[in-house]
Amino acid sequence: MTRRRPPRMPLPTREGVGPSCIGLPHGTWPTIAEFLIERFPVITPQAWMERIEAGEVVDEHCVPVTATRRYQSPLRVYYYRTLDGEASIPFEEEVVFQDDQLLVVDKPPFVPVTPKGKYLKESLLVRLKRKLGLDDLVPLHRIDRSTSGLVLFSVKPATRGAYQSLFPERRIAKHYEAVVPWQEGVSLPEVYRSRLVDDDHFMRVREEPGEPNSETRIEVLNVQDGLALLRLSPITGRRHQLRVHCLALGMPIVNDPIYPVLLPEGADDFARPMQLLARSLSFADPVTGAQRSFASRRSLLLTPK
């Protein structure tokens, strides 16, 4: 008898939220339910029992987990992640381009690209899955929650690898704009390089002496009222690269909530978004061969004349 293969995901996407998965490690828990209760203490035992009774916890073979089902390693268990009291973010994304392979979206500030921390349904990925009904949608790169602008998504798993390779192979041109404080007489390098490493605080990155591992091209587009609009073109793609490079040059990006001062969690001021915009993306499409070029229609506090 031929055994039927389980579907790709044992639980369907629900309101844009795909199921989470955990592998059961070797252990002596009497039941799967007792393991889940111990592993996720922020979820009450009652909440787990309600999910189990509703059939919202299953294994990799689509077999429901019951309250008394014995523990079995190395089984994978799927369930829906939920957040109580998730705050709404009052800004909307805009679809710039969509075809059978790609989705290009203009992200507003404060919206994370993927579920993280206290954001689930308000993340860009979940918003798009819910609105467009694209369950296989996956971001091909990330920009910070505070950064606005273009994000590229893969629609089909079959061609995802071809598009993902554009980034590590540096076959995609990315240009950002940033507003920074400006003093007359300042001279900026055309290219800034430095070595970036993780800081002691997990939210931050810092520079240290040594061989550079980050590189940014810099161009001044406009100067007005003590502010400058910069065009930043990252050659490398290190975390927080543009923000740390601007800080190192004595020009921290306006309204940056991390550099130079890390603001406490929950200190979002929707009237003061960080002035960093992922302005444009261009590349030769590895699937169709067409030349692709996309631009954000958002603007910063200072725009070129």
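Classification of R239 and D198 as a salt-bridged pair holds, one side-chain N sitting under 4.0 Å from a carboxylate O. A salt bridge links R69 with D59; the closest basic N to acidic carboxylate O contact falls under 4.0 Å. At a threshold of 4.0 Å, the pair D136-R160 does not count as salt-bridged, since none of the basic side-chain nitrogens sits closer than that to a carboxylate oxygen. Using a cut-off of 4.0 Å between Lys/Arg side-chain N and Asp/Glu carboxylate O, R231 and E177 are scored as not salt-bridged. Classification of E93 and R127 as a salt-bridged pair holds, one side-chain N sitting under 4.0 Å from a carboxylate O.
Counting only heavy atoms from C-beta outward, the side chains of P10 and V58 approach each other to under 4.5 Å.
Listed for the E86 side chain is a donor-acceptor partner under 3.5 Å among the backbone atoms of L120. With hydrogens and angles ignored, the 3.5 Å screen pairs no side-chain donor or acceptor of S214 with any backbone N or O of R193. The main-chain N or O of G149 is never found under 3.5 Å from a side-chain atom of R279 such that the two would form a donor-acceptor pair. Side-chain N or O atoms of D99 include one that pairs as donor or acceptor with a backbone N or O of Q101 at under 3.5 Å. Between the side chain of E207 and the backbone N or O of A248 there is no donor-acceptor pair closer than 3.5 Å. Judged by distance alone, the side chain of N255 and the main-chain N or O of P273 form a donor-acceptor pair under 3.5 Å. At distances below 3.5 Å, not a single donor-acceptor pair connects side-chain atoms of R238 with backbone N or O atoms of E215. R195 contributes no side-chain N or O that, together with a main-chain N or O of P209, makes up a donor-acceptor pair within less than 3.5 Å. Using modelled atom types, one side-chain atom of D106 and one backbone atom of R297 make a donor-acceptor pair closer than 3.5 Å. Between the side chain of E219 and the backbone N or O of L230, no donor-acceptor pair lies under 3.5 Å.
Closest approach of P260 and P252 over heavy atoms only: CD-CB, 3.8 Å. For the pair M251 and P181, the tightest heavy-atom approach, listed with the atom from each and the gap, is CG-O, 3.8 Å. Considering every non-hydrogen atom in both V96 and A295, the closest pair reads CG1-O, 4.4 Å. Between G117 and R81 the shortest heavy-atom distance is O-NH2, 2.6 Å. Of all heavy-atom pairs spanning L124 and V111, the tightest one is N-CG1, 3.6 Å.
R76 pairs by the salt bridge (charged side-chain N to carboxylate O under 4.0 Å, His left out) definition with E60, not counting sequence neighbours. For Y259, the ring-ring contact (aromatic ring centres under 6.0 Å, His included) partners are H240, not counting sequence neighbours. For F167, the ring-ring contact (aromatic ring centres under 6.0 Å, His included) partners at least two apart in sequence or on another chain are H141.
Counting non-hydrogen atoms of neighbouring residues, nucleotides and ligands closer than 6.0 angstrom, the CZ atom of R171 exceeds 12 such neighbours.
Residue pairs meeting the ring-ring contact (aromatic ring centres under 6.0 Å, His included) criterion with at least one member in residues 187-231, sequence neighbours excluded: Y192-H245. The side-chain hydrogen bond (donor to acceptor under 3.5 Å, both in side chains) analysis of residues 32-47, with sequence neighbours excluded, yields the pairs W29-E38, T31-E34, Q46-E50. Within the structure, ring-ring contact (aromatic ring centres under 6.0 Å, His included) pairs that include any residue of residues 113-136 do not occur (at least two apart or interchain).
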Would you sort out whether H175 and S233 count as a side chain to side chain donor-acceptor pair (under 3.5 Å), showing the intermediate values? CA-CA 5 Å; H175 300 291; S233 303; 2.6 Å; yes
Test side chain to side chain donor-acceptor pair (under 3.5 Å) on S282 and Q291; report intermediate values, then the result. CA-CA 7 Å; S282 59; Q291 186 63 37; 5.0 Å; no
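Between E92 and the options K131, K107, R298, a salt bridge (charged side-chain N to carboxylate O under 4.0 Å, His left out) holds for only K131.
Using cut-offs of 30° and 60° on the angle between ring planes, the pair Y163 and F283 is perpendicular.
Taking the six-membered ring wherever Trp is involved, the centroid distance between the rings of F40 and Y79 falls below 6.0 Å.
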